[in-house]
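In what follows, a structure is listed as structure tokens, so that the remarks can point back to it.
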Amino acid sequence: MNENEEVVVKAEQERTSSVGKMDMSGAFGASSINVEKVKGAENFGKTVVRLIKYMRPEMLALIVMILLSALGAWFAVWVPDILKKVTNAMVDSIQYFKTDTLLNDGYIARVCLIAAGLYCLNAVFQFVSGLVAASMAQHVVRRMRYDIKIKLDKVPISYYDATTTGEILSRLTNDVELVSVTLQDSINQVITVVTTVSGVIFMMARLDWLMAIVTICSVPILLVVSSLVIKKSQKEFARQQQLIGKLNGHIEEMYAGHRVVLLYNHQEDSIKEFEILNKQLLKATRKAQFLAGIILPLIKLINNITYVSICVLGGYRAGLGLISIGDIQACIQYTKQFAQPVENISNIASTIQSSIASAERVFKMFDLAEQDQETERCDVSNFTGEVDFKHVAFSYTEDKPLITDMNLHVNACDSIAIVGPTGAGKTTLVNLLMRFYEINKGQILIDGHDIRAMHRDDLRSLFGMVLQETWLYKGTVAENIAYGNEFATREEIIAAAKKAHAHEFIESMEHGYDTVLNDDASNISQGQKQLLTIARAILADPKIIILDEATSSVDTRTEKYVQSAMLAMMEGKTSFVIAHRLSTIKHAEVILVMNHGDVVEQGNHEFLMAKGGFYRDLYLSQFQGQKEEPQSDSTGFIQT
């Protein structure tokens with residue numbers, strides 16, 4: 001197995017092993033951020049600076065949001081200082097029997113109206129700040145998604161070989177969404193917390209410095225207690241998530257191979273293992289939920305102790321005549337205001353940490369190496385499909401060369417079969433031909449033009465591909481056929497379908513060419529999928545056709561239709577046929593035999609068999625024990 005295939009296999013194994021690791025936090029009544037084992041940013045400060053720079057087009061909105069949020073929080077901080085005047089006035093009026101005078105001059109009403117107005121302003125400013133934050137966040141993440149998409153279109157194919165699809169989707173969805181959460185909610189919360197805490201400390205210090213010190217002293221106690229519990233709970237949540245992954249993996253494995261489990265009577269063993277994992281998960285979930293549930297009561301307990309301390313200390317100092325009853329009332333209100341944002345600090349910090357780590361992962365995508373810059377467009381309409389490999393060398397990694405010195409000439413309209421053992425470099429050859437990878441040395445020429453001097457779009461417009469794994473998207477049959485030629489008319493689409501032997505089954509469908517295929521085209525058979533991809537290639541009318549074991553996943557009856565359609569498609573085209581079943585390419589004009597990245601033999605079937613070399617060994621190994629060689633059918637392909 002070559003280096004690239006090892007990378008692909010490893011990536012596929014990672015993707016498969018991650019299937020069971022779903023986020024089931026909602027089922028256990030916990031937030032996903034708490035349950036997920038959050039990995040912090042490798043360079044927090046640098047990522048924050050880069051995120052701020054990335055937000056430069058939205059900087060005005062950010063400044064407006066910060067000002068609105070800070071002013072809104074300050075209005076709420078101001079209210080207790082105003083209401084204390086009402087309390088002091090009422091105490092004085094009761095003490096000096098002036099209740100009627102106080103009520104009649106409307107003093108209390110005016111102060112209460114001012115306080116209500118400030119609370120209304122607080123609500124309005126916070127609401128508008130939230131709207132500005134939401135708009136700013138959506139503009140930023142929209143641009144971020146767009147930049148990721150543009151980057152993904154420019155990175156080399158090797159990136160996709162080494163990176164799982166799930167990881168790419170995670171960057172484009174989960175990570176971008178976490179950044180959005182920070183921009184939309186967390187920044188607002190941070191500004192509110194900072195303004196509220198600093199404002200409360202300032203106002204309390206104006207009222208009584210001793211009570212301000214008591215309130216401030218509660219902060220380190222809150223932080224120490226919450227951090228200790230949170231640190232322990234994160235470990236338990238991580239263990240819970242690990243067990244969820246194991247349990248889901250076991251369930252998926254057992255039901256994916258349910259028939260085998262039943263055949264060998266392993267139901268009892270499966271149930272026992274499930275019960276063990278289930279009990280472990282139950283135990284871990286109890287611990288995690290207990291620790292998560294104890295944080296808020298502990299914080300409230302500390303806040304209530306602070307609240308009582310303020311009441312006792314305030315009453316004592318009021319008795320000494322150092323402060324008024326209104327000052328005590330204001331300090332109590334400030335204590336309540338102070339406690340609420342402090343309770344949210346740990347959650348805000350966790351969210352910001354997760355978001356900055358997500359932003360860092362997104363920025364790493366932005367920094368990925370791109371393909372070489374495109375050259376100017378050229379006219380390829382007169383190309384015939386003549387291909388030359390001249391002293392081509394290529395390796396996926398520097399220490400493991402794959403192709404060392406390949407020389408090959410293919411005439412226009414020739415049919416070339418490529419055979420060889422797994423890892424010989426068959427698929428690599430066509431990948432190099434379409435510039436999915438760049439060669440290290442040598443030249444690849446099409447009609448005498450070096451492909452590195454051609455725009456990739458122009459180069460790839462020369463090719464049509466039919467692979468073993470078909471790809472169709474959710475859309476009508478006609479749209480899928482026209483995917484390679486968006487300007488095709490309905491008549492041209494039907495003509496291509498007829499040539500691909502697909503017209504008959506398409507017409508038998510309920511809506512014909514307007515039938516909508518599912519996401520995975522599960523409403524048609526595998527053979528029908530293959531015929532549609534052939535029709536797509538025929539409609540694109542490429543100069544060069546590439547077939548990669550296109551009939552291996554269909555039944556024998558359908559294979560004849562597919563083979564006949566491929567013959568029609570290959571007529572008058574240069575074609576490269578990658579084959580594992582050597583019987584299917586017996587009558588190819590030229591057979592390239594590859595091993596360890598190089599063409600070791602070349603010629604037609606009879607010549608190679610007579611030569612008695614590597615090809616003959618491969619061929620005989622596939623038909624060892626058969627009494628006679630397969631016979632060809634009316635399609636021109638060989639029956640197996």
Take the angle between the ring planes of Tyr513 and His503 and call it parallel below 30°, perpendicular above 60°, tilted in between.
->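 Tyr513 and His503: tilted rings.
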
Verdict with reasoning, Ile524 to Val477, per side-chain contact (heavy atoms from CB on, under 4.5 Å) = CA-CA 10 Å; Ile524 59 175; Val477 171; over 6 Å; no

State whether the side chain of [X] and the backbone N or O of [Y] hold a donor-acceptor pair below 3.5 Å, judged by distance alone.
{"X": "Ser355", "Y": "Leu178", "value": "yes"}
{"X": "Arg361", "Y": "Arg171", "value": "no"}
{"X": "Asn480", "Y": "Tyr473", "value": "yes"}
{"X": "Ser180", "Y": "Val176", "value": "no"}
{"X": "Tyr54", "Y": "Met144", "value": "yes"}
{"X": "Asn604", "Y": "Val590", "value": "no"}
{"X": "Asn407", "Y": "His391", "value": "yes"}

Looking only at non-hydrogen atoms, find the nearest pair between Gly420 and Leu618 and report the distance.
->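 Closest approach of Gly420 to Leu618: CA-CD1, 4.1 Å.
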
A quick test of your reading: do over 12 heavy atoms of other residues, nucleotides or ligands sit less than 6.0 Å from [atom1] of [X]?
{"X": "Glu606", "atom1": "CD", "result": "yes"}
{"X": "Arg143", "atom1": "CZ", "result": "yes"}
{"X": "His139", "atom1": "NE2", "result": "no"}
{"X": "Tyr159", "atom1": "OH", "result": "yes"}

Results of side chain to side chain donor-acceptor pair (under 3.5 Å) for Ser381 - residues two or more places apart only |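 With sequence neighbours excluded, Ser381 shows a side chain to side chain donor-acceptor pair (under 3.5 Å) to Asp379, given in chain and number order.
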
So, are Glu438 and Arg456 salt-bridged, with charged N and O less than 4.0 Å apart?
->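 Looking at Arg456 together with Glu438, the answer is yes, because their closest N to O distance falls below 4.0 Å.
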
Does the distance from a Lys or Arg side-chain N to an Asp or Glu carboxylate O, for Lys151 and Asp147, drop under 4.0 Å?
->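 Salt bridge: no.
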
Less than 4.5 Å apart, any side-chain heavy atom of [X] and any of [Y]?
{"X": "Pro542", "Y": "Leu462", "value": "no"}
{"X": "Val392", "Y": "Thr404", "value": "no"}
{"X": "Ile251", "Y": "Leu247", "value": "yes"}

Please collect all salt bridge (charged side-chain N to carboxylate O under 4.0 Å, His left out) contacts where either partner lies in [range], sequence neighbours excluded, each pair once.
{"range": "residues 490-504", "result": "Arg490-Asp514"}
{"range": "residues 383-393", "result": "none"}
{"range": "residues 472-481", "result": "none"}
{"range": "residues 534-547", "result": "Asp541-Lys573"}

Could you tell me the separation between the CD1 atom of Ile544 and the SG atom of Cys413, rounded to the nearest 0.5 Å?
->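 One finds 10.5 Å between CD1 of Ile544 and SG of Cys413.
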
Listed by chain and number, what are the salt bridge (charged side-chain N to carboxylate O under 4.0 Å, His left out) partners of Asp450, not counting sequence neighbours?
->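 Applying salt bridge (charged side-chain N to carboxylate O under 4.0 Å, His left out) to Asp450 gives Arg452.
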
Distance-only polar pair, side chains of Asp447 and Thr384, donor-acceptor under 3.5 Å |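 On atom types as modelled, these side chains qualify, holding a pair under 3.5 Å.
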
Answer with yes or no whether the side chains of Asn411 and His409 bring together a donor and an acceptor at under 3.5 Å.
->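 Looking only at side-chain atoms, Asn411 and His409 do form a donor-acceptor pair, the distance falling under 3.5 Å.
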
Distance under 6.0 Å and angle within 45° of the ring axis: does Arg50 meet both against Phe366?
->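 No, a cation-pi geometry is absent between Arg50 and Phe366.
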
Ile148 and Val362: CA distance, side-chain angles, deciding distance, side-chain contact (heavy atoms from CB on, under 4.5 Å) verdict | CA-CA 8 Å; Ile148 293 175; Val362 170; 3.8 Å; yes

Please test His605 against Tyr619 for ring pair (Phe, Tyr, Trp, His ring centres under 6.0 Å), starting from the C-alpha separation and ending with a verdict.
-> CA-CA 10 Å; His605 174 74; Tyr619 188 85; 4.9 Å; yes

Output, in order, the C-alpha distance, side-chain angles, deciding distance and verdict of salt bridge (Lys or Arg N to Asp or Glu O under 4.0 Å) for Arg616 and Glu601.
-> CA-CA 10 Å; Arg616 185 175 185 275; Glu601 292 178 354; over 6 Å; no

Derivation of the side-chain contact (heavy atoms from CB on, under 4.5 Å) call for Leu547 and Ile545 | CA-CA 7 Å; Leu547 305 174; Ile545 297 291; 3.8 Å; yes

Using the side-chain contact (heavy atoms from CB on, under 4.5 Å) rule, take Asn440 and Ser395 through it: C-alpha gap first, then chi angles, then the decisive distance, then the call.
-> CA-CA 7 Å; Asn440 302 130; Ser395 63; 3.5 Å; yes

